[in-house]
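Below is one structure, written out as structure tokens; the observations come after it.
In the text below, chain A, chain B and the rest are named by the order of the sequence lines, each starting its count at 1. Side-chain atoms are counted along with the backbone in the values below, which use heavy atoms only and exclude waters and symmetry mates.
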Amino acid sequence: MSSVKPEDHFKNIISHCKEYGYIFPSSEIYDGMSAVYDYGQNGAELKKNIREYWWKSMVQMHENIVGIDAAIFMHPTTWKASGHVDAFNDPLIDNKDSKKRYRADVLIEEHVAKIEDKINKEVEKAAKRFENFDVAMFRSTNARVLEYQKKIEEINARFKNAMEANDLAEVRQIIVDCEIVDPISGTRNWTDVRQFNLMFSTQLGSVSEEASTVYLRPETAQGIFVNYLNVQKTGRMKIPFGIAQTGKAFRNEIVARQFIFRMREFEQMEMQFFVRPGTEMEWYEYWKKARLNWHLVLGLGADKYRYHDHIKLAHYANAACDIEHQFPFGFKELEGIHSRTDFDLKQHEQYSGKKLQYFDPELNQSYVPYVVETSVGLDRLFLSVMSSAYKEEVLEGGDTRVVLGLPPALAPFKAAIFPLIKKDGLPELAEKIMTDLKFDHMVTYDEKDTVGKRYRRQDAIGTPYCITVDHQSLEDQTVTIRHRDSMEQERVAISQLNSILTAKTSLKSLLSQL
RNA sequence: GCGGAAGUAGCUCAAUUGGUAGAGCUCCAGCCUUCCAAGCUGGAGGUUGCGGGUUCGAGACCCGUCUUCCGCUCCA
């Protein structure tokens, strides 16, 4: 480990990503876009390799999982059914003194809860005072309780009307009228209520009068749910089975930061596993384990991963956990495993009017399947790999090197091929080796500068092997192959290079450990 | 969104109280021929994030704006 401070460590990783063609700020010549990044020549390769590792581990390695590629545009009703139109619309309000931001609806709900507490206290007090206490009678007759109850109903009705009418000024007025104070500053110095719609919307249709509002999908999962029956029927899928998908999703985050950790445009890799109701917890446990193992096989360090079980569950889930990874800025969510019950399919049944059931021949009955979801952010995964792989080493003799210890199967280039010197026919032989290997492997060629410099350049982009052609190569058709991590060399026959690279750098080397 | 810090070459950073924008590394073309970044010669690369203002003169001072980092907040 280096002695670099954590915040510098993260900065260095970001700089390294830019300097070596992994990640650039988007539209940088126009000053960039907040929280939008572009993948460069090496980043695109690494990202593609991670995606492929995921896809093959899901689709190719499981006979009962198939992949789809749904459109980003979906029928607007999809998002009503999924709950995103409502749940993704948060009215927010700031307190000008404490500078804290709150969800306006939460403030009002908490205020209502406080009044309910008061009712309960009245009931408790009365219960102590009277024998043969009739709670229901007390609640329906006590003047003070009735007054509280009336207040609650008034507030709830006002709030409901305000939200339905999208009247944000009225929402603020409710907060003012209820004399709600900021718990921190204790003041009522509120800003206006503002609506943050976390879904991006756009217009479909070229003529504005005929155009309708569509959303850029905030998750890929719904593309799977709306196609669940198509895939089940045409693929003759038998429960339990899964549908996998990778693709872009979009969220208009209020605050999007920490490099590519939270972006407004990002790529998800999701798999929805359809199971018989009642068996979902077994499958939830199965995928929880399987997914952690998938991460561990990357070899970036077992201590960098941990589970985080959700206590507060989303509206659709009956169990949920995250796999967290230790990023330079702490343990953060990398992947989510959720038992989503039959919520989504039931919702789509209701909104579409189509039956989304499965006939189970073993049970001889039809049902809406339960769903266990695994959902991982590809960009986060990229950052987890990059930040774990980045090392600043101090070598014997005091000089330093920056090396990306990428898993060889994920590295953009599997090998670099060098002539030791740029004459005596060495470049010609090196280029011939290159030409032979490139049908099967991503390889690169370099003849500039001393060979030591070239090794370091490859270390910096994470190339696991460097193949050097020297004078001996011309005589006995052997070359040296130099290992990135140990910097050790061995001499091998040119004819063996292809199979060596296949054995060490193909995805099979990872998939076979699952 | 609020508070703090910052923005000068591809990267890391200089530039005295306001007085001609520089260095190292990288990169490119050669020379040299050596298995772990360090030899030699030459070269490219900047309206100092952007826009105003003060001044004889602004990289520096003032205002606005954009972007990034840290903290708060948010994350179905």
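The gap from the P atom of B/A14 to that of B/A23 amounts to 16 Å, rounded to the nearest Å. Spacing between B/C25 and B/G45 at atom C1', rounded to whole Å, works out to 14 Å.
If you measure from atom CG of A/D449 to atom P of B/C25, you get 12 Å, rounded to the nearest angstrom. Between the C1' atom of B/C31 and the CD1 atom of A/I421 lies a distance of 14 Å, rounded to the nearest Å. Atom CZ in A/R454 sits roughly 10 Å away from atom C1' in B/C35 (whole-Å rounding). Per the geometry, CZ belonging to A/R251 stands 8 Å off P belonging to B/A76, to the nearest Å.
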Reading nucleotides 42-51 of chain B 5' to 3', which nucleotides get B (base under 4.0 Å from a protein heavy atom), which S (sugar-phosphate only), which -?
-------B--

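Side-chain to base pairing of A/R482 with B/C36: one donor and one acceptor N or O lie within less than 3.5 Å of each other. If you check distances only, the side chain of A/D470 does reach the base of B/C35 with a donor-acceptor pair under 3.5 Å.
Contact check, A/S34 against B/C66: no side-chain N or O comes under 4.0 Å of OP1 or OP2. A sub-4.0 Å separation between OP1 or OP2 of B/G10 and a side-chain N or O of A/K18 is absent. Between A/T450 and the phosphate of B/A38, there is a side-chain N or O to OP1/OP2 separation shorter than 4.0 Å. Proximity of A/R401 to the phosphate of B/A38: no side-chain N or O atom is located under 4.0 Å from OP1 or OP2. Remark: A/K453 is in phosphate contact with B/U26, judged by side-chain N or O atoms under 4.0 Å from OP1 or OP2.
At a threshold of 4.0 angstrom between heavy atoms, the contacts of A/T480 include nucleobase atoms, whether or not backbone atoms are also involved.
Between A/K288 and A/D309, at least one side-chain nitrogen of the basic residue sits less than 4.0 Å from a carboxylate oxygen of the acidic one, meeting the salt-bridge criterion.
Comparing B/C35, B/U33, B/C69 by their closest approach to the side chain of A/K11 singles out B/C69.
Within residues 331-352 of chain A, no residue is approached by RNA chain B to less than 4.0 Å at the level of any non-hydrogen atom.
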